[in-house]
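These notes are about the structure you will find just below.
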There are 2 protein chains.
Amino acid sequence: MTYAIGEVAKMLNLTIYTLRYYDKEGLMPFVERTPSGTRVFKESDVEALKIIECLKSSGMPLKNIRYFIEWCSQGDCSLQQRYDMFIERKAVVEAQMNELKKTLEIIDYKCWYYKTALEAGTENVHKTKDAEDCAQQQVHSMQDRQ
Amino acid sequence: MTYAIGEVAKMLNLTIYTLRYYDKEGLMPFVERTPSGTRVFKESDVEALKIIECLKSSGMPLKNIRYFIEWCSQGDCSLQQRYDMFIERKAVVEAQMNELKKTLEIIDYKCWYYKTALEAGTENVHKTKDAEDCAQQQVHSMQDRQ
DNA sequence: GTAATTCCTAGAGGTGGCTCGAGGTCAATT
DNA sequence: AATTGACCTCGAGCCACCTCTAGGAATTAC
């Protein structure tokens, strides 16, 4: 089973432009063509594109993804590099998750802050209390929600 | 206690260029100046910048962060908008965390894939088995690690 | 008092990642 | 035979987000 670029775009939720751009950037050297030049995507090509999407959403720039793709076509001699790369990606993604967790904590605090301000009708409800008071109140509000 | 732009840059791990750029983009209308034009950051300005950083790392574009800053200077009439914005941010960040979790699962699989390939000396160890075999093996390898 | 450091503005330049328009090919349908 | 629609290339344009340079002013250290 093979796919045309439009089908692949739909499957991966990308535009045709993006796929062609990736090809131009050397991310899809494996995709074959018909004699007239139309790209023909194999099942394995779609799988490779999913890995590319995975690396992309791990925050890896396209340039570096291209190096990985090059390693892949070099065979077993690049296994160590590829392993190291995924280990590094793992660390990066875990760091990102920790960052997001911190971000979420601040956002949760702000949700509480504005919720109580709305209830009071004014933000002054917070400005008149000191920071420790606020933290206290937040803890209680958090517990109430459980 | 007040700070100069260079101190704030160090505190927030940003460059002076970035801070000035944010100012140019209307993200810091609250920062005052000395008669000679030098920016003077108050403690509360640094706190506001931390919220800006929080919104930024939640994936919010600077343009939208500016709207939030404008709302802040409009007082209590914009409380609802600000609350809604943080509720929306919460959803966005939670979605991002779910995305990252999926990404991490694929990366974990790939770490296992390359680890076993390295042990075998060749990637063929995976190519000769079918996908279900691989999944099985992965599950075992995962359990071994616990 | 002069040298070093830090600040300022305006505006140009750069990177990453697309996004699109023009002009053309090809295969299938009417 | 003509139309439709999906494909192609090339190159320009665009958006977000900085990043830096030039030219200048103010402050601090010796």
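All chains are named by letter (A, B, ...) in the order of the sequence lines, taking the proteins before the strands, and each is independently numbered beginning at 1.
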* **Summary of side-chain hydrogen bond (donor to acceptor under 3.5 Å, both in side chains) pairs that have at least one residue in residues 50-61 of chain A, sequence neighbours excluded** => A:Tyr22-A:Lys56, A:Glu47-A:Lys50, A:Glu53-A:Lys56, A:Ser57-B:Thr103, A:Ser58-A:Arg89
* Taking only residues two or more places apart in sequence or in another chain, which ones pass side chain to side chain contact (heavy atoms under 4.5 Å, CB included) with B:Ala48? -> B:Phe30
* Return the residues of residues 55-64 of chain A meeting this criterion: a heavy atom under 4.0 Å from some atom of DNA chain C. Order them by number, or give none. => A:Lys56, A:Pro61, A:Leu62, A:Lys63
Could you list the protein-to-nucleotides 6-10 of chain C atom pairs, N/O on both sides, closer than 3.5 Å?
| unit_1 | atom_1 | unit_2 | atom_2 | d |
| --- | --- | --- | --- | --- |
| C:dC7 | OP1 | B:Gly6 | N | 2.9 |
| C:dC8 | OP1 | B:Arg39 | N | 2.9 |
| C:dC8 | OP1 | B:Arg39 | NH1 | 2.8 |
| C:dC8 | OP2 | B:Arg20 | NH1 | 2.5 |
| C:dC8 | OP2 | B:Arg39 | NH1 | 3.4 |
| C:dC8 | O3' | B:Arg33 | NH1 | 3.3 |
| C:dT9 | OP1 | B:Arg33 | NH1 | 2.9 |
| C:dT9 | OP1 | B:Arg33 | NH2 | 3.0 |
| C:dT9 | OP2 | B:Arg39 | NH1 | 3.3 |
| C:dT9 | OP2 | B:Arg39 | NH2 | 2.9 |

* Return each pair, listed once, that meets ring-ring contact (aromatic ring centres under 6.0 Å, His included) where at least one residue sits in residues 34-55 of chain A; pairs must be two or more places apart or across chains. => none
* For B:Phe68, all residues meeting ring pair (Phe, Tyr, Trp, His ring centres under 6.0 Å), sequence neighbours excluded -> B:Phe86
* Anything under 4.0 Å to a heavy atom of chain B counts; send over the first and last such nucleotide of DNA chain D, read 5' to 3'. => D:dA16 to D:dA26
* **Check ion pair A:Asp76-A:Arg82 (N to O, under 4.0 angstrom)** => no
* Those residues that, when tested against B:Gln80, pass side chain to side chain contact (heavy atoms under 4.5 Å, CB included) (two or more places apart) -> A:Leu118, B:Tyr83, B:Asp84
* Asked: Which residue pairs pass the side-chain hydrogen bond (donor to acceptor under 3.5 Å, both in side chains) test with at least one member in residues 9-19 of chain B, sequence neighbours excluded?
  -> B:Thr15-B:Thr18
* To do: Could you state the atom-to-atom distance from CZ of A:Arg66 to P of C:dG16 in whole Å?
  => 11 Å
* Structure fact -> Across all chains, not counting sequence neighbours, the side chain to side chain contact (heavy atoms under 4.5 Å, CB included) partners of A:Met97 are A:Val93, B:Leu100, B:Lys101, B:Leu104
* side-chain hydrogen bond (donor to acceptor under 3.5 Å, both in side chains): which pairs involve residues 59-70 of chain B, sequence neighbours left out? -> B:Arg66-B:Glu70
* Asked: Which residue pairs pass the salt bridge (Lys or Arg N to Asp or Glu O under 4.0 Å) test with at least one member in residues 11-21 of chain B, sequence neighbours excluded?
  -> none
